[in-house]
S.K.: 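Sharing a structure with you now.
Being a predicted model, the structure only gives us computed values, none of them experimental.
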Amino acid sequence: MPIRLITLLFVSFVSAVPVLSFWFQDAPQESRWEADIRKLEQALVEHPQEPGGIVFVGSSSIRRWDLKKSFPELSAVNHGFGGSEMSDAVRFFDRIVTPLKPATVVLYEGDNDIGKGKSPEQVHADFQQFVRLFREKLSPDSRLAFIAIKPSLKRWHLAEPIQKANQLVAADCLVDDRLTYIDVWAPMLGEDEKPRPELFVSDGLHLSEAGYQVWADVVRPALQPRPVSAQ
């Protein structure tokens, strides 16, 4: 192959790299989660759930939670998908929440959002979109419980925006009797007002067994089920 032709091909490839990089960065997020969401959907086909139960939705703090161990007496479905953000929970609402017709939805999102640079206001706006779908798609008897974005060793430098996002969501919950704000922030701090190391695994972000015990204790009061009318 002539050297000039090889040179032209090389230059064309190098010129295309930024365009390709932009395309991949801007690709729809649905493709990233599709395999995870399909697994959750398939589990529902294989193990159908009665209406009126509890569904946990959220990022890896939910996905890694052994709900049967923490709440053996409850009918709770784990629809967490690791790495997700509040906007992802909104995007897949009709696939991982609506079909269950739950009495209670437990939501944990916002951790990754703040970690990736989203503002507290954006987290709050996405939460409000989730609430809008919750109202439109589920029974008027259903309830939504939001687990506060946790303090962690790894993201302690983001404590201020995390707390701001928590405050914005908590304010919404105060004026709506269908919404519950579950404060896990205070129980996870030690006497030095910093995250308790024993509540985390080695990465300083995900919860240890002791961390999940703290969560179970504060979440349990919000999980008393009540009937949901068929839609």
Side-chain angles (χ1 to χ4, degrees), residues 30 33-34 36-111 123-124 126-150 169-170 172-184 207 212 215-231:
E30 284 86 347
W33 305 120
E34 188 60 31
D36 299 272
I37 300 303
R38 286 187 178 181
K39 286 180 181 179
L40 297 177
E41 291 176 320
Q42 183 59 35
L44 287 182
V45 171
E46 296 173 359
H47 306 284
Q49 302 293 315
E50 292 292 329
I54 303 167
V55 60
F56 282 68
V57 177
S59 55
S60 54
S61 292
I62 295 297
R63 182 182 60 80
R64 296 161 64 104
W65 197 349
D66 186 344
L67 298 178
K68 291 183 178 179
K69 183 176 181 179
S70 292
F71 311 108
E73 75 284 7
L74 299 177
S75 173
V77 176
N78 191 324
H79 274 187
F81 49 118
S84 62
E85 301 173 33
M86 192 80 76
S87 57
D88 298 310
V90 171
R91 182 175 297 112
F92 295 112
F93 190 98
D94 274 335
R95 296 174 67 181
I96 62 176
V97 179
T98 305
L100 288 162
K101 298 181 180 179
T104 302
V105 180
V106 181
L107 175 66
Y108 182 77
E109 291 287 11
D111 206 331
V123 173
H124 180 227
D126 290 339
F127 171 74
Q128 290 181 320
Q129 287 298 310
F130 191 94
V131 172
R132 179 182 62 80
L133 292 174
F134 164 79
R135 290 185 169 284
E136 290 178 0
K137 306 289 185 175
L138 302 185
S139 163
D141 297 322
S142 60
R143 294 176 293 173
L144 171 61
F146 177 80
I147 300 176
I149 307 171
K150 69 182 185 296
V169 172
D172 287 354
C173 296
L174 277 175
V175 297
D176 190 330
D177 60 6
R178 293 181 64 190
L179 308 182
T180 300
Y181 176 82
I182 302 176
D183 179 23
V184 296
L207 297 176
Y212 279 118
W215 274 33
D217 290 342
V218 296
V219 169
R220 183 172 285 103
L223 302 185
Q224 302 306 313
R226 58 186 180 186
V228 174
S229 58
Q231 294 187 5

S.K.: Look only at the side chain of Tyr212 and the backbone of Leu67, and say whether a donor-acceptor pair between them is shorter than 3.5 Å.
M.R.: no
S.K.: Any salt bridge (charged side-chain N to carboxylate O under 4.0 Å, His left out) involving residues 60-69? Give me the pairs, sequence neighbours left out, ordered by first then second residue.
M.R.: Lys69-Glu209
S.K.: Starting from the C-alpha separation in whole Å, work towards a yes-or-no answer on side chain to side chain contact (heavy atoms under 4.5 Å, CB included) for Ile62 and Asn78.
M.R.: CA-CA 7 Å; Ile62 295 297; Asn78 191 324; 3.4 Å; yes
S.K.: For residues Gly52 and Ala103, report the shortest heavy-atom separation together with the two atoms involved.
M.R.: O-CB, 3.3 Å
S.K.: For the pair Asp183 (side chain) and Ala148 (backbone), establish whether a donor and an acceptor sit closer than 3.5 Å, ignoring hydrogens and angles.
M.R.: no
S.K.: Kindly compute the distance separating CG (Leu107) from CZ (Phe130), expressed to the nearest 0.5 Å.
M.R.: 4.5 Å
S.K.: ring-ring contact (aromatic ring centres under 6.0 Å, His included) with Phe134: which residues, sequence neighbours excluded?
M.R.: none
S.K.: Starting at CG of Asp126, measure out to CZ of Arg91 and round the result to the nearest 0.5 Å.
M.R.: 9.0 Å
S.K.: One pair to check against side chain to side chain contact (heavy atoms under 4.5 Å, CB included): Leu100 and Leu44. What are the steps and the verdict?
M.R.: CA-CA 9 Å; Leu100 288 162; Leu44 287 182; 3.5 Å; yes
S.K.: With Tyr181, which residues qualify under ring-ring contact (aromatic ring centres under 6.0 Å, His included), at least two apart?
M.R.: none
S.K.: Do you know which two heavy atoms are closest between Gln49 and His47, and how far apart they sit?
M.R.: NE2-O, 3.0 Å
S.K.: To the nearest 0.5 Å, tell me how far Thr98 OG1 sits from Phe92 CZ.
M.R.: 13.0 Å
S.K.: For the residue pair Gly83 and Trp33, what are the closest heavy atoms and their distance?
M.R.: C-CH2, 3.5 Å
S.K.: With sequence neighbours excluded, give me every salt bridge (charged side-chain N to carboxylate O under 4.0 Å, His left out) pair touching residues 70-87.
M.R.: Glu73-Arg220, Glu85-Lys116, Glu85-Lys118
S.K.: Quick one: side chain to side chain contact (heavy atoms under 4.5 Å, CB included) partners of Ile182, sequence neighbours excluded?
M.R.: Ala145, Ile147, Thr180, Val184, Val218, Val219, Ala222
S.K.: Taking side chain to side chain contact (heavy atoms under 4.5 Å, CB included) as the definition, give me every residue that meets it alongside Glu46, ordered by chain and number, with sequence neighbours left out.
M.R.: Gln42
S.K.: Could you walk me through whether Gln128 and Asp172 pass the side chain to side chain contact (heavy atoms under 4.5 Å, CB included) check?
M.R.: CA-CA 9 Å; Gln128 290 181 320; Asp172 287 354; 3.4 Å; yes
S.K.: Taking side-chain hydrogen bond (donor to acceptor under 3.5 Å, both in side chains) as the definition, give me every residue that meets it alongside Ser84, ordered by chain and number, with sequence neighbours left out.
M.R.: Glu109
S.K.: Suppose we screen for side-chain hydrogen bond (donor to acceptor under 3.5 Å, both in side chains). Which residues come up paired with Asp36, at least two apart in sequence or across chains?
M.R.: none
S.K.: List the residues meeting side chain to side chain contact (heavy atoms under 4.5 Å, CB included) with Val131, not counting sequence neighbours, and say none if there are none.
M.R.: Phe127, Arg135, Leu144, Leu179
S.K.: Within this structure, what is the OG-CG distance for the pair Ser75 and Leu223, rounded to the nearest 0.5 Å?
M.R.: 11.5 Å
S.K.: Name all residues meeting the side chain to side chain contact (heavy atoms under 4.5 Å, CB included) criterion together with Arg38; count only those two or more places apart in sequence or in a different chain, and write none if there are none.
M.R.: Glu34, Glu41, Arg95
S.K.: Hey, what do you get for OH (Tyr108) to CH2 (Trp65), rounding to the nearest 0.5 Å?
M.R.: 11.0 Å
S.K.: Can you tell me how far CE of Met86 sits from CG of Asp111, rounded to the nearest 0.5 angstrom?
M.R.: 10.5 Å
S.K.: Could you list the residues that satisfy salt bridge (charged side-chain N to carboxylate O under 4.0 Å, His left out) with Asp94, not counting sequence neighbours?
M.R.: Lys137
S.K.: Report the C-alpha separation of Ser70 and Trp215 in whole Å, then their side-chain angles, then the decisive distance to 0.1 Å, and conclude whether the side chain to side chain contact (heavy atoms under 4.5 Å, CB included) test is met.
M.R.: CA-CA 9 Å; Ser70 292; Trp215 274 33; over 6 Å; no
S.K.: Could you pull out the closest heavy-atom pair between Lys150 and Ser61, with the gap in Å?
M.R.: NZ-OG, 3.2 Å
